[in-house]
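To start, the structure itself, in C-alpha cells.
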Amino acid sequence: MSEEKDTPVTAPAAPSDFIRDIVAGHVAEKRYAGIVTRFPPEPNGYLHIGHAKSICLNFGIARENGGQCHLRMDDTNPTKEDVEYVESIMEDVHWLIDGWADHCLGFKPRGKLPTSQVVNGSEDFIQEAVNPLKSPGADLEPFFASDYFDQIYAYAVALIKKGKAYVCDLSPEDTDKYRGSPDKPGVESPFRNRSIEESLALFERMRAGEFPNGARVLRAKIDMSAPNVWLRDPVLYRIRHSDHHQTGNKWCIYPMYDFAHCLSDYIEGITHSICTLEFEVHRPLYDWILTELGLPRALPHQYEFARLSLGYTVMSKRKLLQLVQEKLVSGWDDPRMPTISGLRRRGVPASALRQFAANIGVTKFNSLTDVAVLEHAIREDLNRKSLRRFAVLRPLKLVLTNIPAGTSVPCEAVNNPEDPAAGTRTLDLTHEVYIDQEDFMEVPPPKYFRLRPGGEVRLKYACIIKCDSVVKDASGNVTELHCTADLETRASGSNTTKKVKGTIQWVSADKAVEAEVRLYDRLFNVAEPDDGDYKRHLNPNSLEIVRAKLEPSLAGVGKEERFQFERLGYFALDPKDSTPEAPVFNRTITLKDTWAKAPGK
RNA sequence: CGGGGUGUAGCUUAGCCUGGUAGAGCGCUACGUUCUGGACGUAGAGGUCGCGAGUUCGAAUCUCGCCACCCCGACCA
C-alpha cells in the first residue's frame, strides 16, 4: 500500500496480459527489430465489438512498444467478400483508434505490391508499411492478402518443388472421406506420390483455368495419420472461377486461409500474429508452412486468445447478417447491433470501447462477459464529458397557476457538475411546463419520491411546487396538473433550505423543442440467446420511439455532441436520420437506475 | 477410445515462472454527501483458488492422478 505513494494518481493502469508478457519478453531479449502486429478481418461482414477487443489488443501492443499494427483485408475467398465491407472496416478501425493508436497504423501506398529480392538463391518478398500520419498527403490503403497472390503462388510452386505439396484430383467428398476422423487416421490420396513435374504442370494448368471448380486442389504433403487433422495433407489452393473484388478476373485459383495467412504475415514482417482460440489447432500448420519454405527472415509466430462473448447479444457474423437480411434490425449499423458501426451510431464513444477492452483483459478462458461491464464503461466515459440537459420523454402538462402566462422566471442551471468549466445556462420557468408522466402518480407505491396529488416536488434549478389539482379526460386519464410554485425556494429566494424528497426535470411549454427520441434497449431478452433458436429471444421492446419535449438549448446541436438528459440517460443525435428540421436523438444508455430494481415497483 | 486448450467470489480477472493459506474492477447491500433514485465517499457481504493425492515447516503457486467445459473431421476464415 504505502509504496504506491510514488505512483501518480493519473497514471492509467498499464494493461497486462499473457500476450503482452510474451511480447515484453521478446522486446527485452531484442528478438525482433520492432514489434509488428496485424488486424486481419475478412471483408465479409461488419466489424463487431468482439473485433474491437482484437483491435485494441493488436493496436495496443503496437503502441505500447513503439511498433506498428497493419490493417489487412484477409480476402482469399472471393465468393464471400465485398468492397462494401472493406470500406466499413476501414471506417470502423479509423474511428476506434483515432487519437489513440493512429500513429501505429500500418497502411501501404495504394496499389503497391511486394518487392522481391534474392536471398541465398531463393526469392524473398517484402511488403512495407507506411503510416498515414507520417506521410501526409500520400495515397494509402490497407494491406490486402490478395496483393500477395503472385507471391503465394510462387511459394506454392516452391513447396511443390521441394516435394512438400502435390496436386490432388480427389473430389471434395472423397477428400473428406480420406481425411478420416479425429480418432481415426486418414488414408493417403492416390495422387499423393505423383511426380513433382506432374504436380507442377497440373498446378500451372489449374492457374490457367483449364479445370472446373472442385476438379483439383493443391495439397500440402504432411501426414495423413497425424492426430491433428489439420496436418492431414491440408488443401492449400482451390479452384474458384469467380471474380475477386480486388484482383478482378486475374485468378481462378485462390489460396486457403492457412496457406495465405502465415505467408501474408511473413511478407509484411509481422512478429506477433494474434488470433482467437479456434485457430490454436492450426498453429502447427502455420509453423510447418513457414519452416518448410526455408524463409530467410525472422518468422512470425501465432498466439491465441479467447474471443469476446457478451450477454444479451449474438456475435457471429452469420447471425448478425441474418438479422440484417431478414430486416429484424434496420441494418448493420442499427444502434441495437453489437457492431462497431451500431455502437457508434448509438452514441458510444470510441474511448468507452477502448476502456471496456482494457477492463475485460485478455486470457485463454472462454467466458461470457456481463453487459454491465460494457454499460459501466460507457456511463463512466459519458458521465465525464456530457453536458446535462433537460428533456421530457412522455410529456404531462403542468400549469403553474401563480406564474402568469407571458411571464417567465429565469433559472440558472449547471451544464456539468463533473466539470465546472462547462459553465451554466438559463432555463425559463413559465406558466405551462412539461414534466414526465412517470414523475407523477395518483396512487404512488411506497418510497415514491416524486409528485402526487397534494404533494410537493422540486423542479430542478427552479423551485418547489405543490400539486393542487389533477385534471382528467372523459376516460379518466390524467391530462393536466395544476400546481403552485413556491418562488421563495429558488436559489435566489428566501427559503432555500426547504427540503423535499424528490427533484425532477422540466421543460417550459412555450419554448420547448420537439424531437423524436429513440429509446433503445438490449436486442435480446436473455443473457445467452445463442442456444440454437436465438431469434425467439429477440426483445420485442428493444426500440421505443417517443415524441419528446426538449429544452431550447438542444436546438441545432452537433452530431458529435453527447448529452445527459438529466435523470434519463445519455443521448446523442442519430448521425444518419437526424436533420436540423426534424432532430432525432438516440438513447445511448440509461442512467443507472436503482429505483427500477426496487421490489414492488 | 485421438489431438489441442481452459478451470481463482454472481461476472470479468490479478497472483502461478521466482511456494508463505488471495487482490482488483463490475454487480450486490447498508450508511453518508448532493437540487439527477445519477455521481461521489465510507463500510460490508461474497472465494473449500475444479477435485484428490504427493513434495514441503508451509501449496492457488511445484509433482502426479482424476473431473468438467471449450475447440478440431469446409475445396470458410
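Side-chain atoms are counted along with the backbone in the values below, which use heavy atoms only and exclude waters and symmetry mates. The sequence lines fix the lettering, A, B, ..., with proteins before strands; numbering per chain opens at 1.
Closest contact between the side chain of T363(A) and the listed nucleotides rC26(B), rU36(B), rA14(B) involves rA14(B). With rG5(B), rU12(B), rG73(B) as the candidates, the nucleotide lying closest to the side chain of E280(A) is rG5(B). Closest to the M256(A) side chain, of the nucleotides rC76(B), rG4(B), rC70(B), is rC76(B). Out of rA77(B), rG37(B), rG73(B), the shortest distance to the side chain of K447(A) is found at rG37(B).
Ring pair F571(A)/F565(A): centre-to-centre distance below 6.0 Å. In this structure, H282(A) has its ring center at least 6.0 angstrom away from the ring center of Y286(A).
When the C1' atom is used for both rU18(B) and rC72(B), the distance is 36 Å, rounded to whole Å. To the nearest whole angstrom, the two P atoms, one in rG58(B) and one in rA43(B), are 36 Å apart.
Within the 4.0 angstrom heavy-atom criterion, no nucleotide atom of any strand lies near H261(A). Counting any heavy atom pair closer than 4.0 Å across all strands shown, L277(A) reaches no nucleic acid atom. Contact annotation for Y448(A): base contact, defined as any heavy-atom pair under 4.0 Å involving a base atom. No engagement by E304(A) is indicated, since no non-hydrogen atom pair under 4.0 Å with the nucleic acid exists. Heavy atoms of P417(A) sit under 4.0 angstrom from at least one base atom.
Nearest-nucleotide positions on RNA chain B place R283(A) closer to the 5' end than the other of N359(A) and R283(A). Residues E278(A) and D74(A) both approach RNA chain B. Their nearest nucleotides, taken by heavy-atom distance, put E278(A) toward the 5′ side.
When each of K460(A), R425(A), R388(A) is tested with E551(A) by the rule salt bridge (charged side-chain N to carboxylate O under 4.0 Å, His left out), just one qualifies, namely R425(A).
Stacking of F449(A) onto the six-membered ring of rG37(B) is present: less than 5.5 angstrom between centres, less than 30° between planes. Under the stacking criterion of a centre-to-centre distance below 5.5 angstrom and an interplanar angle below 30°, W595(A) sits stacked against the six-membered ring of rG37(B).
Side-chain atoms of Q302(A) come within 3.5 Å of backbone atoms of F279(A) as a donor-acceptor pair (strictly under, hydrogens ignored).
Within 6.0 Å of CZ in R207(A) there are more than 12 heavy atoms belonging to other residues, nucleotides or ligands.
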